[in-house]
Structures are given as structure tokens and as C-alpha cells.
Amino acid sequence: ATSQLSARVRELCDAKQAAEENATDLEAKLEAAAVSNTQMADQVACLQEINNDVAGQLSEKEASLEECKCTIATMKEESSTATLQLSERIAELCNAKQAAAETITTLEGKLEAAEASHTQLAGQVASLQETNDTVTGQLREKEAALEESMFTISTMKEEASSATSQLSARVRELCDAKQA
């Protein structure tokens with residue numbers, strides 16, 4: 001029994017020594033794990049700081065994007081308003097051009113009638129001059145009036161021509177501006 005007890009004590013001593021070695025080994029592993037955990041905690045903190053910086057930059061970018069969207073919306077609205085105003089102005093100018101063209105047509109008709117009247121008066125003057133020398137004074141007054149009418153007609157024709165040229169140039173400018 002003593003030898004069994006001695007064998008059992010040796011086994012227990014060997015088991016104790018193995019347990020102590022195992023405990024030392026586990027303590028070393030625990031220390032290594034603690035160091036690794038500390039390093040990982042530092043990495044997590046660093047990554048969290050980077051994540052916070054990126055989140056801040058993202059917020060700034062989103063704010064800038066919203067500001068750009070508002071600016072674009074405002075510009076679209078202003079462009080739409082300007083386009084509408086320009087379309088209305090072009091319609092007004094087209095109507096004014098049409099009215100001016102009608103006025104020019106009317107003036108040209110009046111001018112033709114005045115020129116025909118002038119031709120007729122000139123024939124009457126020649127006929128009257130041949131047949132009646134006594135009305136020479138009256139005839140000279142009529143000729144003066146006729147010359148004044150011709151001057152007025154010529155002035156009206158020049159004004160109508162000038163107005164037509166100016167209107168055509170303005171319409172071309174507006175059409176070019178609309179196309180641009």
C-alpha cells in the first residue's frame with residue numbers, strides 16, 4: 001500500500017508540475033491575448049476616428065449637393081420665366097411687324113394713289129396751260145401745292161422705308177437672340 005501511495009504521490013506531483021507548466025503556458029497566452037486585444041482596441045479606435053472623419057465629409061458633401069440642387073432649381077425657374085418673357089416679347093414684336101407691314105402696304109397704296117393723282121394733275125396742268133394762258137397764276141399756285149405734296153409723299157416714303165428697315169433689323173436681332 002505504501003508503494004501504491006508513493007506511486008500515487010508521484011503521479012500527483014507530476015500532475016501538479018504539468019498543471020503548473022500548463023498554467024504558466026496559459027498565462028503567457030493570456031498576456032499575448034491581452035497585448036493583441038490592446039492592439040485591436042487601438043485599431044478599432046483609429047478606424048472609428050477615420051469613420052467619423054468620413055461621416056463628416058459625407059455630411060459636407062450632402063449639404064453641398066443640396067445647395068447645388070437648390071441653385072439648379074432656381075436657375076431652371078429663372079430660365080423658364082425668361083423664356084416665357086422672351087416668347088411673349090417676340091410675339092409682341094411679330095404682331096408689331098405685322099401691323100407695320102400693313103401700315104406700309106396702306107402707305108404704299110396711298111403713295112400710288114398720290115402719284116397717280118400727281119400724274120393726272122400734271123396732265124391737267126399741261127392741258128390747261130395750252131388752252132388757258134389767263135390762269136397761269138392759279139396754275140403756278142397749284143404747281144407749288146403739287147410740289148409740296150410730292151415732297152410730303154417722298155418724305156413719307158423715305159420714313160416708311162426707314163421704318164421698314166429698322167423693324168426688319170430689330171426682328172432679325174430678336175430672331176437671332178431667340179435662336180441663341
Side-chain angles (χ1 to χ4, degrees), residues 11-116 118 148-180:
E11 284 177 13
L12 288 174
C13 283
D14 289 343
K16 179 184 173 190
Q17 187 177 355
E20 286 175 353
E21 289 174 3
N22 196 15
T24 303
D25 203 25
L26 288 174
E27 285 176 358
K29 287 180 181 180
L30 181 63
E31 284 180 30
V35 169
S36 177
N37 284 346
T38 302
Q39 290 173 346
M40 288 180 139
D42 290 344
Q43 288 177 347
V44 167
C46 181
L47 289 173
Q48 185 62 43
E49 187 177 318
I50 290 171
N51 188 31
N52 291 341
D53 288 344
V54 169
Q57 291 174 359
L58 179 61
S59 294
E60 290 175 13
K61 299 290 183 193
E62 287 174 344
S64 293
L65 177 62
E66 285 304 315
E67 186 177 328
C68 288
K69 285 180 179 178
C70 288
T71 301
I72 289 169
T74 301
M75 291 174 73
K76 282 182 178 179
E77 185 177 322
E78 289 172 355
S79 174
S80 178
T81 301
T83 300
L84 179 62
Q85 290 173 347
L86 184 58
S87 295
E88 289 172 355
R89 183 65 179 140
I90 288 170
E92 288 173 9
L93 289 172
C94 288
N95 290 338
K97 179 185 176 188
Q98 181 64 31
E102 290 171 5
T103 301
I104 289 169
T105 302
T106 301
L107 290 174
E108 287 174 344
K110 288 180 180 180
L111 179 61
E112 287 176 14
E115 287 174 345
H118 170 65
E148 185 176 328
S149 293
M150 286 299 293
F151 177 77
T152 301
I153 290 168
S154 176
T155 302
M156 287 172 62
K157 190 175 182 179
E158 289 175 8
E159 288 174 358
S161 176
S162 174
T164 301
S165 296
Q166 290 175 355
L167 183 59
S168 294
R170 183 65 180 145
V171 167
R172 271 187 246 113
E173 289 176 10
L174 287 171
C175 289
D176 291 345
K178 183 177 180 182
Q179 290 175 354

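In this structure, Ser149 OG and Glu115 CD are separated by 12.0 Å, a value rounded to the nearest 0.5 Å. Here the OG1 atom belonging to Thr155 is positioned 10.0 Å from the CD atom belonging to Glu148, to the nearest 0.5 angstrom. For the atom pair OG1 (Thr152) and CD (Glu159), the distance works out to 9.5 Å, reported to the nearest 0.5 Å. Note that the SG atom of Cys46 and the CG atom of Asn51 stand 11.5 Å from one another [nearest 0.5 Å]. One distance of note links CG of Asp42 with CG of Asn37; it measures 11.0 Å at 0.5 Å rounding. Atom OG of residue Ser168 and atom CD of residue Glu173 lie 11.5 Å apart, to the nearest 0.5 angstrom.
With a 6.0 Å radius and a threshold of 12 heavy atoms from other residues, nucleotides or ligands, Glu67 has its CD atom at or below the threshold. Surrounding CD of Glu49 are at most 12 heavy atoms belonging to other residues, nucleotides or ligands under 6.0 Å away.
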Handout entry: Test log, rule side chain to side chain contact (heavy atoms under 4.5 Å, CB included), inputs Thr81 and Gln85
Key = CA-CA 6 Å; Thr81 301; Gln85 290 173 347; 3.8 Å; yes
Exercise for the section: Evaluate the side-chain hydrogen bond (donor to acceptor under 3.5 Å, both in side chains) criterion for residues Asn52 and Gln48: first the C-alpha distance (whole Å), next the side-chain angles of each, then the deciding distance (0.1 Å), finally the verdict. Expected result: CA-CA 6 Å; Asn52 291 341; Gln48 185 62 43; 3.2 Å; yes
Exercise for the section: List the steps, then state whether side chain to side chain contact (heavy atoms under 4.5 Å, CB included) holds for Leu107 with Met156. Expected result: CA-CA 8 Å; Leu107 290 174; Met156 287 172 62; 3.8 Å; yes
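Considering only heavy atoms from C-beta on, Leu12 stays 4.5 Å or farther from Lys16 through its side chain. Looking only at side-chain heavy atoms (C-beta outward), Leu26 and Leu30 stay at 4.5 Å or farther from each other. Under the 4.5 Å side-chain criterion, counting only non-hydrogen atoms from C-beta, Asp25 is not in contact with Glu21.
Without hydrogens or angle criteria, Thr24 side chain to Glu20 main chain gives a donor-acceptor distance under 3.5 Å. Side-chain atoms of Ser161 do not come within 3.5 Å of backbone N or O of Lys157 as any donor-acceptor pair.
Across all their heavy atoms, Ile104 and Ala160 have their closest contact at CD1-O, 4.2 Å.
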Determine all donor-acceptor pairs shorter than 3.5 Å in which one atom belongs to a side chain in residues 86-99; sequence neighbours excluded.
| residue | atom | partner | partner atom | Å |
| --- | --- | --- | --- | --- |
| Ser87 | OG | Thr83 | O | 2.9 |
| Arg89 | NH1 | Glu92 | OE1 | 3.2 |
| Asn95 | ND2 | Ala91 | O | 3.3 |
| Gln98 | NE2 | Glu102 | OE2 | 3.3 |

